[in-house]
Amino acid sequence: MLQTLAISSFSPKYHPYVQHSRCVKTYRPPVTHIHGVLNRNQGKKYAIKCSENSFYPTNRITERNDVVCKPFNNNDRVTAVTLQDGYASKSEDEDGSPKNVFLKNLNALYRFIYPYACFGVLIATTSNSLLPVEKLADLTPTFFIGLLKPLVPLVLMHIYGVAVNQVADVEIDKVNKPYMPLASGEFSMETGIAITWISALTSLASAIMLQSPPLVLGVIAWLFISTAYSAQLPFLRWKGNSFLAAVCMVFMCGLLPQVPFFFHVQKYLLGRPMEITKPLMFASAFMTCLSVAIAFVKDLHDVEGDREHGIQTLSVMLGKEKVFWLSVYMLSTAYGAAVLVGASSSFLLSKLVTIIGHATLLLFLWHRARNVDLSNNESIFSFYMFIWQLYYAEYLLIHFVR
């Protein structure tokens, strides 16, 4: 079956599969959002042949025949492309230089590690590592160097967590997240498995080299829980159970970025006896609640793929609306408790910042919640990322809890 397609002045902003001029590219229909569930006609593929300098940014976009294209007139450069069975032959001009291949793989790796979650773990650990500091004299160059060293096993164990999840869920991601490197074929399964093993072994080795029992135990716990959450092994695959999935998120987002690194700094950097403080208890409790909400909202835009593969998340069992509002009420309770903790402080600055800060975030939460369209995965994902912003903001406020 032959198809002929006329293309005019495509904008690279809207076409991630078309990256340079003077080429023939196989093109798939446009997606609604890069992170949400994609609405794409899987049955059609197109090829685009473009002449040099034919790209320029434009916001005047319309959809024609499942392809996004700019309205054109007789003065526009137009190239007709004939497709055999929906595919075009590979162009001799296609740029496969080592530099471009490296940049493409680097971009895929960046998306593979979920940068927003990695950023959150880095903020959490750095913030909690500062909680044991009692006076300015503690902030020496040696302290800051010691603060940076644990970030190496931290990042590596985070990469292991997201890698093992994507390796185990590659078929589900082809439905829920086909833009991810493994699901889209940018990375092979062999590459995904290699990243998983390398990150696991190097995170454990780097923690052992620091000779800190809290860090070693924290990394081992993270590796076990990440495996239990995702791996298709007997008695594991905890993500298929709503309660166990929430427990995993409590440890990975609420406790493990807090407790091991706090005790590492307290004992092995500052040389003080290990003890549980009020800021640590508050941070652990608040982040536990926030982590459960993240786990629930995370599943809202994955309902279609989870239901298709028999994963009984809370969103699949109860429906999106009930789980969404359960998460909002849970967060509201946490912010209300934080206001009460602030009110109990004997320090005026701590009292004011804690009360005003958490009350303001609570107002933002309800403003965003009222505007979420649960039938739109892009809207759900936007709210999910907003909760991560609340997660980041809390690590500033916990330093005022006294």
TODO: Give the intermediate values and the outcome of salt bridge (Lys or Arg N to Asp or Glu O under 4.0 Å) for residues Arg111 and Glu186.
DONE: CA-CA 11 Å; Arg111 290 180 285 114; Glu186 292 177 83; 2.7 Å; yes
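- Annotation: Lys267, atom NZ; neighbour count of heavy atoms from other residues, nucleotides and ligands within 6.0 Å does not exceed 12.
- Within 6.0 Å of atom CH2 in Trp325, more than 12 heavy atoms from other residues, nucleotides or ligands are found, so the atom counts as buried in its surroundings.
- Each of Asp373, Leu300, Leu374, Val328 was evaluated against Phe383; a single residue qualifies, Val328, per the side chain to side chain contact (heavy atoms under 4.5 Å, CB included) test.
- A donor and an acceptor atom, one from each side chain of Ser382 and Ser379, are nowhere located under 3.5 Å apart.
- For Lys351, the NZ atom is densely surrounded, since the number of other residues' heavy atoms within 6.0 Å is greater than 12.
- Ring pair His367/Phe386: centre-to-centre distance not below 6.0 Å.
- Within a 6.0 Å sphere centred on CG of Leu136, other residues, nucleotides and ligands contribute 12 heavy atoms or fewer.
- Look at Asp169 and Lys177 and you find no salt bridge, because none of the NZ, NE, NH1 or NH2 atoms lies under 4.0 Å from a carboxylate O.
- Exactly one residue among Trp388, Tyr391, Tyr392, Tyr395 makes a ring-ring contact (aromatic ring centres under 6.0 Å, His included) with Phe119. That residue is Tyr392.
- Between Phe263 and Tyr268, the gap from one ring centroid to the other reaches at least 6.0 Å.
- Using bins of under 30°, 30° to 60° and over 60° for the plane-to-plane angle, the ring pair Trp366/Tyr329 lands in the tilted bin.
- Nearest heavy-atom pair, Pro132 versus Leu270, reported as atom, atom and distance to 0.1 Å: O-CD1, 3.7 Å.
- The ring of Tyr335 has its center closer than 6.0 angstrom to the ring center of Phe286.
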